[in-house]
Amino acid sequence: MLKNFSMKFTGTIRSKLTRSGDSIFAVMSKLATDENALNLSQGFPDFDISEELIALVNEYMKRGFNQYAPMTGVPQLRRAISKKTENDHGVFYDPETEVNITAGATQALYTAIAAFVKDDDEVIVFDPAYDAYAPAVRVNGGTVKHAQMEMPGYRINWDSVARMITSRTRLIIINTPHNPTGAVLKPEDLLRLQRLTDKSDIIVLSDEVYEHLIFDGKQHESVCRYPELAKRSLAVGSFGKTFHATGWKIGYVLAPENLMKEFKKVHQWVVFAVNTPIQMAMAQYLQNEETYKTLPAFYQQKRDLFLELIKPSRFKVIPSHGTYFQCLDYSAISDEPDFEFARRLTIEHKIASIPLSSFFKDGRDDRILRFCFAKKEETLKKAAEILCRI
Ligand code: PMP
Ligand code: GLN
């Protein structure tokens with residue numbers, strides 16, 4: 001029999017994250033489940049992943065690849081990522097010293113922040129910012145400085161970034177294609193960042209998890225393509241996004257050897273190594289570049305279908321050129337705060353989205369919701385039917 005006693009720590013808890021509640025993705029996905037609503041909130045596909053990839057994981061498990069992988073990842077996958085980066089960007093990262101496999105991009109980002117941010121260091125992020133950056137900085141004693149992306153197009157104002165840089169600036173975190181807005185950085189943005197950080201001690205952490213989800217013929221501007229920037233950057237990728245398998249939690253980091261050395265020092269204590277059979281399967285699957293070269297067309301078709309279907313609605317489209325997110329302005333429908341509106345849509349109209357204010361430090365609320373279009377055609381049709389009725 002289980003003893004019934006109140007399980008509670010009676011000492012003083014000195015919380016390291018006093019302001020953090022549950023992430024908005026957890027909150028909205030739970031609400032969607034509780035309310036039996038269509039879930040276009042948290043970003044994940046609702047269609048099946050490749051049978052071939054599943055078979056490969058299975059095959060490697062049966063062949064006995066079930067024990068710890070080397071700390072930085074299996075050499076086959078590190079080599080495959082190095083080759084992929086060379087094909088995509090014409091840059092060589094040494095698979096022995098400059099590529100590290102991680103348990104998703106989240107672990108990569110946390111580890112990079114923990115490796116470089118010390119007490120009182122400043123880290124610049126761009127609002128609306130993905131929610132994993134700021135808490136990782138704060139847990140490690142750093143201070144987050146929030147630059148504002150500017151409308152139209154959620155552009156970065158590099159002059160204001162220049163004014164934010166101080167002798168304590170340790171890290172600048174960029175994200176392209178950008179979650180939640182779908183904005184995509186241009187060559188001039190990367191060149192400006194390269195000039196801004198030239199000869200400084202600033203490190204750039206580049207979240208590129210949507211590297212292959214980019215539309216309208218645009219080129220993904222990885223930090224890897226800019227030699228002076230690449231020298232001070234860690235680039236982060238996620239196979240969760242690229243291969244529609246967000247639940248597999250596998251990603252990677254590219255960085256010059258001296259930065260990677262510091263990254264690894266923390267990586268080994270955070271996770272040590274990432275699951276072996278999936279790494280082996282990914283290494284083989286990546287040999288065929290069609291597996292990811294087809295993604296821009298695949299997702300652009302979904303975005304375009306979604307946009308076509310919601311044309312009769314009263315929502316105003318904010319152009320998205322990458323990621324699998326579409327932001328919609330509802331100011332013509334309601335002046336409710338975005339969280340309240342998103343909640344009401346989930347409960348009353350049975351469609352869940354993400355309110356954009358949750359990505360702003362100051363809670364800026366432009367009456368915009370983010371919808372994930374990584375969904376089957378039938379899901380997008382159902383979603384559009386609902387949105388057109390609102
Ligand atoms: N960065 C961004 C911008 C993301 O949108 C996500 C997840 N959706 C991540 C990082 C985390 O990726 P992973 O699931 O591989 O941890
Ligand atoms: N990155 C995903 C999104 O933006 C969610 C990941 C998560 O739930 N932490 O929706």
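We count ligands from 1, going down the list as the structure has it; atoms in each ligand are counted the same way.
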**Study point:** Pair D198 + K231: basic N to acidic O under 4.0 Å
**Key:** no
Practice item. Quick one: look up the protein heavy atom nearest atom 5 (O) of ligand 1 and list residue, atom name and how far away it is. Key: Y210 OH, 2.6 Å
Check your understanding: Does an N or O from G43, backbone or side chain, lie closer than 3.5 Å to an N or O of ligand 2?
Key -> yes
Point to revise | Which segment of N179 sits under 4.0 Å of ligand 2 when only heavy atoms are counted | key: side chain
**Study point:** Salt-bridge criterion met for E262 and K265 (N-O under 4.0 Å)
**Key:** yes
Check your understanding: Are the side chains of Y324 and L295 in touch, meaning some heavy atoms are under 4.5 Å apart?
Key -> no
Practice item. May I ask you to test the Y110-P135 pair for a side-chain heavy-atom distance under 4.5 Å? Key: no
Revision key, fill the gap. If you scan protein heavy atoms around atom 2 (C) of ligand 1, the nearest is D207 OD2, 3.3 Å
Review point. Do any N/O atoms on S23 end up under 3.5 angstrom from N/O atoms on ligand 2?
Key: no
**Study point:** Numbered atoms of ligand 1 (with element) below 4.0 Å of S238, judged on heavy atoms
**Key:** 13 (P), 15 (O)
**Study point:** Residue from E377, E385, E378 passing side-chain hydrogen bond (donor to acceptor under 3.5 Å, both in side chains) with K381
**Key:** E377
Check your understanding: Using the ring of each side chain (for Trp, its six-membered ring), is Y210 parallel, tilted or perpendicular to F325, with breaks at 30° and 60°?
Key -> perpendicular
Revision key, fill the gap. For Q42, the ligand 2 atoms with a heavy-atom partner under 4.0 Å come out as 5 (C), 7 (C), 8 (O), 10 (O)
Check your understanding: What do you reckon, does F325 put a non-hydrogen atom under 4.0 Å from ligand 2?
Key -> yes
Check your understanding: So is there a nitrogen or oxygen of A105 less than 3.5 Å from a nitrogen or oxygen in ligand 1?
Key -> yes
Exercise for review: Dump the intermediate steps for side chain to side chain donor-acceptor pair (under 3.5 Å) on T72 and R78, then the final yes or no.
Suggested key: CA-CA 8 Å; T72 55; R78 282 186 274 117; 3.2 Å; yes
Practice item. Indicate, as side chain, backbone, both or neither, the part of R370 found under 4.0 angstrom from ligand 2 when only non-hydrogen atoms are considered. Key: side chain
Practice item. Side-chain contact test, heavy atoms from C-beta onward, threshold under 4.5 Å: evaluate it for S41 versus F25 and give yes or no. Key: no
Review point. Of all the non-hydrogen atoms in the protein, which one sits nearest to atom 6 (C) of ligand 2, and at what distance?
Key: Y130 OH, 3.4 Å
**Study point:** Atom indices of ligand 1, in the order listed, that fall short of 4.0 Å to a heavy atom of G104
**Key:** 15 (O), 16 (O)
Exercise for review: Identify the protein heavy atom lying closest to atom 14 (O) of ligand 1, giving its residue, its atom name and the separation to 0.1 Å.
Suggested key: K249 NZ, 3.3 Å
Review point. Does R192 come within less than 4.0 Å of D159, counting only side-chain N to carboxylate O?
Key: yes
Exercise for review: Give yes or no for whether the N/O distance cutoff of 3.5 Å, strictly under, is met between T246 and ligand 1.
Suggested key: no
Review point. Is any side-chain N of the basic residue among E308 and K311 closer than 4.0 Å to the acidic one's carboxylate O?
Key: yes
Revision key, fill the gap. Of I173, T106, T176, the residue with the heavy atom nearest atom 11 (C) of ligand 1 is T106
Practice item. Using non-hydrogen atoms of the residue, decide whether K241 is closer than 4.0 angstrom to ligand 1. Key: yes
Revision key, fill the gap. Quick look: Q107 vs ligand 1, heavy-atom contacts under 4.0 Å, and the answer is neither
Check your understanding: Can you tell which part of N175 has a heavy atom less than 4.0 Å from ligand 1: side chain, backbone, both or neither?
Key -> side chain
Check your understanding: Would K302 count as a cation-pi partner of F298, with NZ or CZ less than 6.0 Å from the six-membered ring centre and within 45° of the ring normal?
Key -> yes
